[in-house]
Amino acid sequence: MKCLVLASEYPPAKGGIGNAAATFAKEMVRRGWSVEICTTHLAGLPDEEIVEEGMIHRLSLHGDASIWNPLGGEVARFDQILRDCKPDVVVIHGWPAWCVLLVPRIHDAGIPVILQSHGFGFHRIDWNPIPPFGLKVWAGYQPFIWRLPRFINRLHALVVLSKQPDFKLSFDHWLGDKLHSHKVTTIPNGVAKVHGSKEDFLEICPQARGKKIVLCVANYCDRKNQLLGLEIANLMSRQDVFFVFIGAEENQYTSAMRAKLAAFDLSARVALFTGLSRAMTESAIVACDLALMTSKWEMQPLFLLEAMSIGKPWVSTHVGSVTELQGGLVAPRESAALAEKTAMLLDDSELVSRCSCAGLQQWLAEYEPSVVYRQWEALLLSAVSPGS
């Protein structure tokens, strides 16, 4: 059986959706499926490349579900890939970008489509102080919103990550629930168990040796909100606790973090890393005592699932589906509340033990790859052989 994966980002590009798409591709190949991937062109990388999980096609495509941004670019090349690949099923990761606009072309080819949602927010207005105050962006998505029920019903399945529909965060799930659509099914992210050496990480971060390590792993940006993490470190003011932030690359946000780091005089208790290998990042997770997430918006954060895979407790802002996760504490997006929860988990060994056990057990039962991708394979087979 052959599956074509569409994702607007894919490794080596950094991003949670890309990582989820790559994990999906690798797991399905392990189960005997043939996989090809269509993703966005990246400077310096070939248009086509054979990797472990199959052929990657990198295309220059643009457009999204807004009427202001129609489909354009190498559309003819995609049509040719679709003809040459002859997939039995197409799996799309995420709503944004050109992937959604290609769905009618895939349907016209008679190929079933499964879309994995990582959240849906086109219905919300992101207010902007400058005219037209975000209303033009919002209005551009309204025709697609009105067509959304029909779009969902034409899919073979809409896969959602969370068990509970939410109007603001996952409007697609909420709408499917209101319409009693049988097309909506919940399959969470599958995350492999983290491996690594604590000592390997301490060699590159010796100032953390002998201290309790609070770790935050996320791309440096306003949405991930690591500046709030620095406020937590400043509030705690403990010499026995060391904060580590790991992100993909240097950017304007890291500059803002370094400025705040200097203003708070935290250089002895905080380290910021960029460009670490995946192996070193996993070693950092192994080395930490607590996983911290300060995001303003998430759906189902992979970092917390990775921490749970080795029984690491966590503290998170109240975002996405984190309240469905076990093994940690949820707090409002406010530095004092998060600092209090962080201190509680660092100092209460009995609470740490309970969280560690609960998180690990939930990962084994719900998020371990063999559990998750058995569900995915059954769904793919139902698309290829209806009624199976």
Side-chain angles (χ1 to χ4, degrees), residues 1-8 10 16-39 53-54 82 85-95 99-100 102-107 109-120 148-165 170-177 179-192 299-300 302 305 321 324 362-388:
M1 297 295 182
K2 179 174 279 191
C3 175
L4 180 64
V5 174
L6 270 59
S8 57
Y10 199 85
I17 291 178
N19 289 337
T23 300
F24 169 86
K26 291 173 183 176
E27 289 293 335
M28 296 320 300
V29 167
R30 289 192 185 103
R31 284 160 175 73
W33 284 71
S34 174
V35 174
E36 294 190 25
I37 303 104
C38 285
T39 188
E53 55 271 33
L82 196 63
C85 178
K86 297 183 176 63
D88 297 291
V89 61
V90 171
V91 175
I92 299 175
H93 285 264
W95 282 103
C99 301
V100 172
L102 291 173
V103 170
R105 311 177 85 87
I106 302 169
H107 282 152
I111 302 167
V113 177
I114 298 172
L115 190 148
Q116 182 178 32
S117 173
H118 293 260
F120 187 103
L148 188 59
R150 183 172 181 271
F151 186 96
I152 292 174
N153 283 328
R154 288 200 68 194
L155 297 172
H156 177 74
L158 172 65
V159 177
V160 294
L161 300 174
S162 174
K163 300 170 186 174
Q164 298 298 325
S170 52
F171 179 77
D172 50 352
H173 189 181
W174 178 88
L175 181 63
D177 183 67
L179 296 174
H180 305 290
S181 174
H182 67 283
K183 298 298 183 77
V184 182
T185 184
T186 299
I187 303 179
N189 280 315
V191 173
M299 189 63 231
Q300 191 176 75
L302 299 178
L305 299 182
S321 60
E324 297 175 12
Q362 188 184 25
W363 173 79
L364 286 167
E366 298 181 37
Y367 305 108
E368 198 273 332
S370 64
V371 174
V372 171
Y373 289 101
R374 274 199 300 270
Q375 299 174 64
W376 264 110
E377 186 164 32
L379 181 61
L380 293 179
L381 288 172
S382 72
V384 174
S385 305
S388 64

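Here the structure is a predicted model, which means the values were calculated and not measured.
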Next on the checklist: With a 4.5 Å cut-off on side-chain heavy atoms, are Leu302 and Thr23 touching?
Outcome noted: no

Discussion item. One thing to verify: whether Glu27 and Arg30 come together as a salt bridge, which I'm taking to mean a side-chain N less than 4.0 angstrom from a carboxylate O.
Written reply: yes

Looking only at heavy atoms, the pair that brings Pro149 and Leu179 closest together is CB-CD1, 3.7 Å

Any donor-acceptor pair under 3.5 Å from Gln362 side chain to Glu324 backbone:
yes

Could you tell me whether the side chain of Lys2 and the main chain of Cys85 form a donor-acceptor pair under 3.5 Å?
yes

### Message
Keeping Asp172 on the side-chain end and Ser117 on the backbone end, is there a donor-acceptor pair under 3.5 Å?
### Response
no

message = Closer than 3.5 angstrom, by distance alone: can the side chain of Trp363 be matched with the main-chain N or O of Val191 as a donor-acceptor pair?
response = yes

Check for me whether the distance between the ring centres of Trp33 and Tyr373 falls short of 6.0 Å. no

Between Cys3 and Val91 the two heavy atoms that sit nearest each other are SG-CG2, 3.7 Å

When rounded to the nearest 0.5 Å, the distance separating OG of Ser385 from CG of Leu380 is 11.0 Å

Beyond-backbone contact of Phe120 with Leu158, side-chain heavy atoms, under 4.5 angstrom: no

Exercise. Just wondering, do Pro112 and Val384 contact through their side chains at under 4.5 Å, heavy atoms?
Worked result: no

CZ of Arg374 to CD of Glu368, rounded to nearest 0.5 Å, is 8.0 Å

| Do His156 and Ser382 meet the criterion of a side-chain donor-acceptor pair at a distance under 3.5 Å? | yes

Output for pair (Phe171 CZ, Asp177 CG), nearest 0.5 Å, gives 12.0 Å

*Quick one: are Leu102 and Leu82 in side-chain contact, heavy atoms under 4.5 Å?*
no

*Is a donor on one side and an acceptor on the other found under 3.5 Å between the side chain of Ser321 and the backbone of Met299?*
yes

Residue set satisfying side chain to side chain contact (heavy atoms under 4.5 Å, CB included) with Ala7, at least two apart, ordered chain then number -> Ala21, His93

In this structure, NE2 of His173 is separated from OG1 of Thr185 (nearest 0.5 Å) by 9.0 Å

- Below 4.5 Å, heavy atoms only, C-beta onward: do Arg154 and Val113 meet side chain to side chain? no

Nearest heavy-atom contact between Cys99 and Ile92 is CB-CG2, 3.6 Å

Query raised in the report: Backbone N or O of Ser162 within a donor-acceptor pair of the Thr186 side chain at under 3.5 Å?
Result: yes

Value for CG (Leu305) from CG (Asn189), rounded to nearest 0.5 Å, stands at 6.5 Å

Tightest non-hydrogen contact, residues Thr39 and Ser8, listed as OG1-C, 3.8 Å

Taking every heavy atom of Ala25 against every heavy atom of Tyr10, the minimum-distance pair comes out as CB-OH, 3.7 Å

NZ of Lys183 to CD1 of Ile152, rounded to nearest 0.5 Å, is 10.0 Å

Using side-chain heavy atoms (C-beta onward) and a distance below 4.5 Å, is Val35 in contact with Phe24?
no

Criterion side-chain contact (heavy atoms from CB on, under 4.5 Å) on His118 and Leu161, from CA distance to verdict:
CA-CA 7 Å; His118 293 260; Leu161 300 174; 3.9 Å; yes

What one should report as the nearest heavy-atom pair of Pro369 and Arg31 is O-NH2, 3.8 Å

